[in-house]
Amino acid sequence: MLSLLYEILNTIRRNKLRTFLTGFAVAWGIFMLIVLLGSGNGLKNAFNADWGDRLINVVQIWGGRTNIPYAGFQSGRWIELDNKDLQFTSTEFSDEVNFAIANVNLGSKNISYGTEYLSSSLQGSNPNRIIIAGLKMAQGRYINDLDIREKRKSIVISKRAKEILFKKEDAIGKKVNVAGIIYTVVGIYYIKDGENATDSHIPLSTAQIVYNKGIDISSLSFALTDKIKDEQSSTDFMNRYKKRFASQHQISPDDDNAIWYWNRFESYLEISNVNNYINIAVWIIGIFTLLSGIVGVSNIMLITVRERTREFGIRKSIGASPLSILKLVVVESIFITTIFGYIGLVCGVGLTELLAGVFASSGGGDSPNFFVNPTVDINVAMQATLLLIIAGTLAGFFPALKAVKIKTIEALNNK
Amino acid sequence: MSTIIKLKNINKTYYNGAPLHVLKGIDLEITRGELVSIMGASGSGKSTLLNILGILDNYDTGEYHLNNELIKNLSETQAAHFRNKLIGFIFQSFNLISFKNAMENVALPLYYQKVSRKARNKIAMEYLDKLGLKEWAHHMPSELSGGQKQRVAIARALISKPQIILADEPTGALDSKTSAEVIDVLKKVNATGMTMIIVTHESGVANQTNKIIRLKDGIIEKIEDNSEHNISAFGIQNIK
């Protein structure tokens with residue numbers, strides 16, 4: 001085997017251009033495939049990162065203004081949501097709705113602690129908002145059922161608000177003044193890619209009573225169950241929901257302006273589809289790149305073997321068996337494709353890692369990143385390299401098989 | 001002296017379009033240690049005969065015994081084994097591998113005998129030294145003259161210590177002075193007891209051999225005994 005390897009190394013050393021061309025086709029194929037797959041993954045990861053920790057299967061509802069006169073009501077009527085909407089959503093659609101929350105938007109309020117203050121959007125919320133909005137607790141807790149039941153004056157502030165109001169002082173348990181009303185800080189939250197968020201959250205029941213909202217709510221959100229798993233089931237459910245909503249508020253079932261909703265799940269599906277198309281496109285381009293690499297290697301091997309027919313004849317005339325020649329060509333193919341495949345792999349992975357580093361350092365803040373971690377699963381990279389090595393080997397094997405079948409005397413006379 | 005080559009009624013026909021009966025019932029015996037030349041016009045079948053003797057080509061009918069073994073219907077691997085052990089080839093166009101230097105070309109037959117690289121290179125150097133090419137051992141074929149290339153080819157043919165050397169127009173690509181040098185070397189080799197068969201169309205070369213086989217239209221026209229010629233003039237002391 002050592003002799004064979006030396007023989008191959010000798011051949012490679014003396015045929016640098018041929019070796020380089022074969023190797024380049026392999027390395028380039030692998031390199032491009034990895035860069036392409038990495039880019040596809042970068043886009044996909046950016047899309048997934050954009051959703052952050054928020055729930056994907058969420059629907060948010062707002063009241064609109066009627067366009068169609070209905071049940072004795074003129075058009076142009078504003079539809080106000082209230083606790084009854086939250087109630088029927090939770091109870092009548094329990095198969096489709098996992099849980100529902102309401103939100104009261106109390107607008108911008110001045111929050112102060114000692115001499116420090118800031119303007120913050122005040123939201124009356126349910127406990128499950130932490131799940132739907134993807135909030136993370138940095139300290140303390142979020143609004144709980146007891147806060148709701150007892151209409152406590154608890155407040156959860158953002159990490160940014162805490163830094164402004166309390167600096168390095170511990171905020172939990174401290175009292176803040178929210179436009180003249182004193183609240184106790186029970187928790188500090190943060191949100192991924194939302195370092196500058198300053199919204200403050202108080203219990204929904206407190207918001208409704210303190211700010212004289214009655215049972216009104218600004219919007220309601222609900223998380224869907226696993227029953228809603230595709231676009232069709234989502235559309236069917238939304239149609240039924242809108243119908244029920246219409247009967248609740250005495251609006252025409254055909255009045256699309258009276259209810260506003262955002263189905264995050266449908267948006268997710270749409271973007272997922274785009275994502276899948278990108279994925280398919282990347283794979284198709286990748287496979288064609290790989291194929292072009294294979295064709296390149298095959299062509300070079302074919303020409304190489306044909307060029308070496310006379311050499312094989314000489315070798316056979318001095319005692320080389322057909323098997324030994326076949327072994328020479330195949331091991332040489334494996335050697336070249338493996339070495340250059342590895343070079344392509346390392347360069348491809350190196351570039352994607354470099355890009356990952358560049359995009360990671362350029363990200364941050366609230367600005368969205370369009371390219372996140374554009375790297376490739378090492379198994380995919382290895383499989384692609386292995387495929388090209390096999391292709392390169394076969395590309396060498398078949399012409400070599402043909403070459404060794406040529407009669408020695410014919411091979412010797414080959415020009 | 002024992003017979004090393006025995007041909008009995010050898011026939012060979014090529015079928016490229018119209019059948020071409022190239023060898024027609026060749027009967028021939030060559031004794032061990034003979035220096036034989038095969039002469040004939042172009043198309044007389046001399047190269048075909050040499051290819052059959054060298055197991056580079058098959059014959060259709062008849063019998064060919066080499067070193068008392070019947071050479072018939074051999075697989076490529078068996079043929080390669082016989083060539084490696086029993087036969088050394090010298091070609092008109094040298095047939096050196098272009099990307100190997102002189103030493104590597106000479107050492108190549110030993111690679112197929114599984115001799116280690118170090119050992120085969122050492123032996124190759126010894127043979128190149130005997131043929132006066134030691135200084136050219138690391139030169140590529142493109143850097144050698146025609147005569148030097150042919151001497152490298154001779155060294156390669158000798159290195160595996162074959163029973164016979166088959167030379168196909170060994171001086172065909174050389175000038176007269178170099179031809180004489182090459183023939184001198186071949187005669188020295190023959191003087192060591194190695195059987196040598198030279199295909200040539202040059203009577204000057206044929207006249208240096210002990211036996212001249214004249215082929216015409218695929219038939220042995222005449223076998224001339226030429227053993228009277230003086231071989232001592234070439235000297236034999238260097239080739240062992």
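Chain letters run A, B, ... following the sequence lines, proteins first and then strands; every chain starts at 1. The figures that follow rest on heavy atoms only: side chains count, while hydrogens, waters and symmetry mates do not. Values in this document were obtained by computation on a predicted structure and should not be read as measured data.
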Review point. Top residue by heavy-atom pair count (under 4.5 Å) with chain A, among B:I87, B:N58, B:I97, B:L96?
Key: B:I97
**Study point:** Top contributor to chain A contacts, counting heavy-atom pairs under 4.5 Å, from B:K100, B:R117, B:E76
**Key:** B:R117
Practice item. Ignoring hydrogens and angles, tell me if any N or O in the side chain of B:Q150 forms a donor-acceptor pair with the backbone of B:T171 under 3.5 Å. Key: no
Exercise for review: Against chain B, label A:I409 side chain, backbone, both or neither, depending on which of its atoms sit under 4.5 Å from a heavy atom there.
Suggested key: both
Review point. So what's closer than 4.5 Å to chain A heavy atoms on B:Q113: side chain, backbone, both or neither?
Key: neither
Revision key, fill the gap. When the 4.5 angstrom heavy-atom criterion is applied to A:S324 and chain B, the contacting part is side chain
Review point. Has the side chain of B:R83 got a donor or acceptor atom that lies under 3.5 Å from a matching backbone atom of B:I55?
Key: yes
**Study point:** Lys/Arg N to Asp/Glu carboxylate O, A:E332 vs A:R18, below 4.0 Å
**Key:** yes
Review point. What part of B:N101 is in contact with chain A, defined as an atom under 4.5 angstrom from a non-hydrogen atom: side chain, backbone, both or neither?
Key: both
**Study point:** Side-chain (B:T178) to main-chain (B:L174) donor-acceptor, under 3.5 angstrom
**Key:** no
Point to revise | Heavy-atom pairs under 4.5 Å with chain A, option from B:N95, B:T77, B:N84, B:L56 with the top count | key: B:N95
Check your understanding: When only pairs under 4.5 Å are counted, which of A:V404, A:I318, A:T408 shares the most heavy-atom pairs with chain B?
Key -> A:I318
Practice item. Report yes or no: is the cationic atom of A:K16 (NZ for Lys, CZ for Arg) under 6.0 Å from the centre of the six-membered ring of A:F20, at an angle within 45° of the ring normal? Key: no
Exercise for review: Would you mind checking which part of A:L323 comes under 4.5 Å of any heavy atom in chain B, side chain (CB onward), backbone (N, CA, C, O), both or neither?
Suggested key: neither
Point to revise | B:K24 (side chain) donor-acceptor with B:I219 (main chain) under 3.5 angstrom | key: no
Check your understanding: Looking at A:K405, A:K316, A:R308, A:K407, which one has more heavy-atom pairs under 4.5 Å with chain B than the rest?
Key -> A:K316
**Study point:** B:S145 backbone acceptor or donor facing B:Q148 side chain under 3.5 Å
**Key:** yes
Review point. For B:F82, is it the side chain, the backbone, both, or neither that has a heavy atom closer than 4.5 Å to a heavy atom of chain A?
Key: neither
Practice item. Would you please test A:Y342 and A:F340 for ring-ring contact (aromatic ring centres under 6.0 Å, His included) and show each step? Key: CA-CA 5 Å; A:Y342 184 72; A:F340 281 90; over 10 Å; no
Review point. Side chain, backbone, both or neither: which part of B:K85 has a non-hydrogen atom closer than 4.5 Å to chain A?
Key: neither
